[in-house]
2 protein chains.
Amino acid sequence: MFHLGLVPGRAWGALLCQLLRPPRTVCVRAVGCHGQVAEAVLTSQLKPHQEKPNFIIKVPKGTRDLSPQQMVVREKILDKIISCFKRHGAKGLDTPAFELKEMLTEKYEENLRLMYDLKDQGGELLSLRYDLTVPFARYLAMNKLKKMKRYQVGKVWRRESPTIAQGRYREFCQCDFDIAGQYDPMIPDAECLKIMCEILSGLQLGDFLIKVNDRRIVDGMYAVCGVPESKFRAICASMDKLDKMSWKDVRHEMVVKKGLAPEVADRIGDYVQCHGGISLVEQMFQDPRLSQSKLAVEGLADLKLLFEYLTLFGIAEKISFDLSLARGLDYYTGVIFEAVLLQLPAQAGDEPLNVGSVAAGGRYDELVSQFDPKGHTVPCVGLSIGVERIFYIVEQKMKTSGEKVRTTETQVFVATAQKNFLQERLKLIAQLWDAGIKAEMLYKNNPKLLTQLHYCENMGIPLVIIIGEQEQNEGVIKLRSVASREEVTVKRENLITEIQKRLSEC
Amino acid sequence: MFHLGLVPGRAWGALLCQLLRPPRTVCVRAVGCHGQVAEAVLTSQLKPHQEKPNFIIKVPKGTRDLSPQQMVVREKILDKIISCFKRHGAKGLDTPAFELKEMLTEKYEENLRLMYDLKDQGGELLSLRYDLTVPFARYLAMNKLKKMKRYQVGKVWRRESPTIAQGRYREFCQCDFDIAGQYDPMIPDAECLKIMCEILSGLQLGDFLIKVNDRRIVDGMYAVCGVPESKFRAICASMDKLDKMSWKDVRHEMVVKKGLAPEVADRIGDYVQCHGGISLVEQMFQDPRLSQSKLAVEGLADLKLLFEYLTLFGIAEKISFDLSLARGLDYYTGVIFEAVLLQLPAQAGDEPLNVGSVAAGGRYDELVSQFDPKGHTVPCVGLSIGVERIFYIVEQKMKTSGEKVRTTETQVFVATAQKNFLQERLKLIAQLWDAGIKAEMLYKNNPKLLTQLHYCENMGIPLVIIIGEQEQNEGVIKLRSVASREEVTVKRENLITEIQKRLSEC
């Protein structure tokens, strides 16, 4: 695919390196169009030290690297989430980053264009996974599993317009918990909401609310308002935008783009204003229009039971029955839910953080059967934590508070004040590593003591071992606390136990 | 891209579901060719309950799901590896699963055809990452970092012929540790080998050996043997197969496929038989032919220093200077190394485990400069642990020993012997969760006690709380040990402390 004359790329580079001293890099510019145009430019030969870079080093649109600082934040958050999933008895699962395209089609419908497809390189048609739910359903069907409580943490990919400022990316991490199996109604559903509450409380993101609705109530509402059944999903997709758009704009889209009669839209408009607790559920049972829909009444009955369980779990006040909640994904069949942050964690006067929903989920009773050749049903309910947005909030909080994070966990630094002590330092540090102690030293033969102590201060390393001629002769080392600058002399043979004692006291 | 007549997929499914009771799934077969042919077949309408599945549910070639059992093994292994990386002061990093294709070309040369390319969907040309080394070099150049000690754990993708029986996949996890920066020679290189030893010893995979060579010795050897410089990389690629093929077959490939003169191949043949410790390094300094190559002598001098440091680290006996070691990747410039298992961990009489190398790495001083517009060099050395192969070995060991793993961590099960105790169970379990205790219950209104106790035995849950009418009236619960079947009565208000006491004693 790529030709640089007759000489293969690297050999050419090697040849050029020999011709020129100091060696210069061969820069290749790949111009993306239908084919690929490769152009080899020897920077130093043409315009040494003046040429602009021939390509811009960057990551793909909507993706990002996570720096060590970000990784520390991410690890803490993921740990808390995974602990919660394990507290609820979930098993781990991992699935490939890509699936056969035919496994994913039919599952997302309108979002199919947002999928990353791979090039057909002589064989299978593959797409990167769009969420962790469809692969889970595929796994259940493929292994003929009738029940499973699993969690999965992994990246998913969607070609949406990235709004990076708000923590929305094309590559992002999801943390999913799902309960598959035929059980008595609303018990697993209630546990999903309990998990959401535990995680959001545990992460201390400020006050939150979980909106709850039911796809059967949504569909029943459409039916009694007079939406033609063929428009259900399209209208649902419009309604899903209510967290970002006003009802006025959504109504406009329904009427103008989706061809809904204005009076039908207005009837919907009356319902989507409604939100409240268990009393609103009771009220809707009495609603002259909605009570005509068998589907809606089924959904309301389940919600009533759900609220009963949520009360026993002590989380009912966190839950709001909200008739405007639609959820974008097609596979939901029953209860749906979405958590939003209420209080902005930023200080007064700061820019408000607009992060949208931070967790969502629902019941999808028909998805597994779409993979099963005999159409066997495995009812499922689950939730997904939008960790990227949570990372963003926590990072912003840390920026505001000026909190610093250590990016390494090093406990002890091995230093010397004298020349020619590399050998001793290497022996000492190996001893520490072998004892399980986290230790570092500078990769220099003869480093300056000040440089070494500065390194410890910058990196937040609490302890320093100092070795020199005198110490070596006496069979001791100096152990120094970086914070207090206190030094004690320790016998070489007691070194490990002394360090372990100090570290356990921290 | 996908059309099913005029009705969108899901709406069509919904329509059909209404026509037919019981509802049947719409199966879509996507026939892969240049375009996509979609064929909708309504199974139940054509041949109800007899039709074979219209598509086979499977994962893409060379990929796999990791089951909960496998996830437990994997988590334990990754924990040990990451602990070791942190013990050596490494920072975490994450990079996107795909990179701009132009970032990856030039870096792998012959392996370029093994890359998974994404479809150009109007914009960037992207490829899934092939390793974690090139993204790390790209990260350093992009952020103008002159030094960094980082670890990264993540999936990489290579379209090689999968030999799944041996733990080789097209999607696999790598655990990388790298030291970037200009340092005194061989100190970071020695640490990389120390890390490999710590990890392989810690995982108790049996005896192992780390082969070491230097790219400059390889190239010097080629030069003095009379290999034309244009053939260096091609001959290197052949030599890299020596762990899977005999010298006879590799020689044949060199002569017949790569057009090397037979006498030149034979000269190489003499060298590739050589392996040994520091004494072989000394011996090669005296080799009349090899000592003529300035490059090779540079490499030998570094290896001599390396062996000195390895002796101080106490690992010299694990390291073998091996002139047959070539390493397939193009970017190496200095020391290269590869760890192989010596003793097969399986029991006598079992099938031998052929897993090839389990860890490898080397020095790549010119890779970062390939990304830098000014060609600034950042010398690097690093290692990669082939965890899939390690997973495979550990799984085989567990199969042989019949060892069982718990796939959940649940500590307490909430049970009842009586009907109508769902509410009490829900209240109790929420109390446990809120106290951080890992707890489960059955999602049934009125489960049988025996079913509940069986569940605990199957899942290895150590403690059961039993609640019934009598207990409720007396304000107590029964706490049962699943293993001993002993039961004690505990006051409701002491429940949490009593459980925590019991769990801390385990």
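Numbered from 1 within each chain, the chains take letters A, B, ... in sequence-line order. Values below: every heavy atom of this structure, side chains too, minus hydrogens, waters and symmetry copies. Note that the coordinates shown come from a computational prediction; the quantities given were computed from them, not determined experimentally.
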Next on the checklist: Under 4.5 Å from any heavy atom of chain A, what part of B:E191 do you find: side chain, backbone, both or neither?
Outcome noted: side chain

Item to check | Interface moiety of B:I179 toward chain A, non-hydrogen atoms closer than 4.5 Å | outcome: side chain

Checklist outcome for this item: Turns out that what part of B:L422 lies under 4.5 Å from chain A's heavy atoms comes down to side chain

Checklist entry - Checking heavy atoms, do the side chain of B:R74, its backbone, both or neither come under 4.5 Å from chain A? => result side chain

Item to check | Engaged part of B:K427 at the chain A interface, taking heavy atoms whose separation is under 4.5 Å | outcome: both

Item to check | Side chain / backbone / both / neither for B:L432 at chain A, heavy atoms under 4.5 Å | outcome: neither

Checklist entry - Between B:E308 and chain A, which part of the residue has a heavy atom less than 4.5 Å away: side chain, backbone, both or neither? => result side chain

Next on the checklist: Please classify the contact of B:L126 with chain A as side chain, backbone, both or neither, using a heavy-atom distance under 4.5 Å.
Outcome noted: side chain

Checklist outcome for this item: Under 4.5 Å to a heavy atom of chain A? For B:K58 that would be both

Item to check | Under 4.5 Å from a heavy atom of chain A, the part of B:L128 involved | outcome: side chain

Next on the checklist: So for B:E171, is it side chain, backbone, both, or neither that comes closer than 4.5 Å to the heavy atoms of chain A?
Outcome noted: side chain

Checklist entry - Taking only residues two or more places apart in sequence or in another chain, which ones pass side-chain contact (heavy atoms from CB on, under 4.5 Å) with A:R159? => result A:Y116, A:R170, B:Q121

Checklist entry - For A:K444, is it the side chain, the backbone, both or neither that has a heavy atom under 4.5 Å from a heavy atom of chain B? => result both

Checklist outcome for this item: Okay, B:A141 and chain A: the region with an atom under 4.5 Å from a heavy atom over there is both

Checklist entry - Where does the angle between the aromatic ring planes of A:Y183 and B:Y443 fall among parallel (under 30°), tilted (30 to 60°) and perpendicular (over 60°)? => result perpendicular

Checklist entry - Under the ring-ring contact (aromatic ring centres under 6.0 Å, His included) test, which residues partner A:F413, sequence neighbours left out? => result A:Y455

Checklist outcome for this item: Per-residue tally against chain A (heavy atom, under 4.5 Å) across B:V59, B:L312, B:L100 peaks at B:L312

Next on the checklist: Looking only at heavy atoms and a cut-off of under 4.5 Å, which of B:L118, B:T408, B:V72 has the most pairs with chain A?
Outcome noted: B:L118

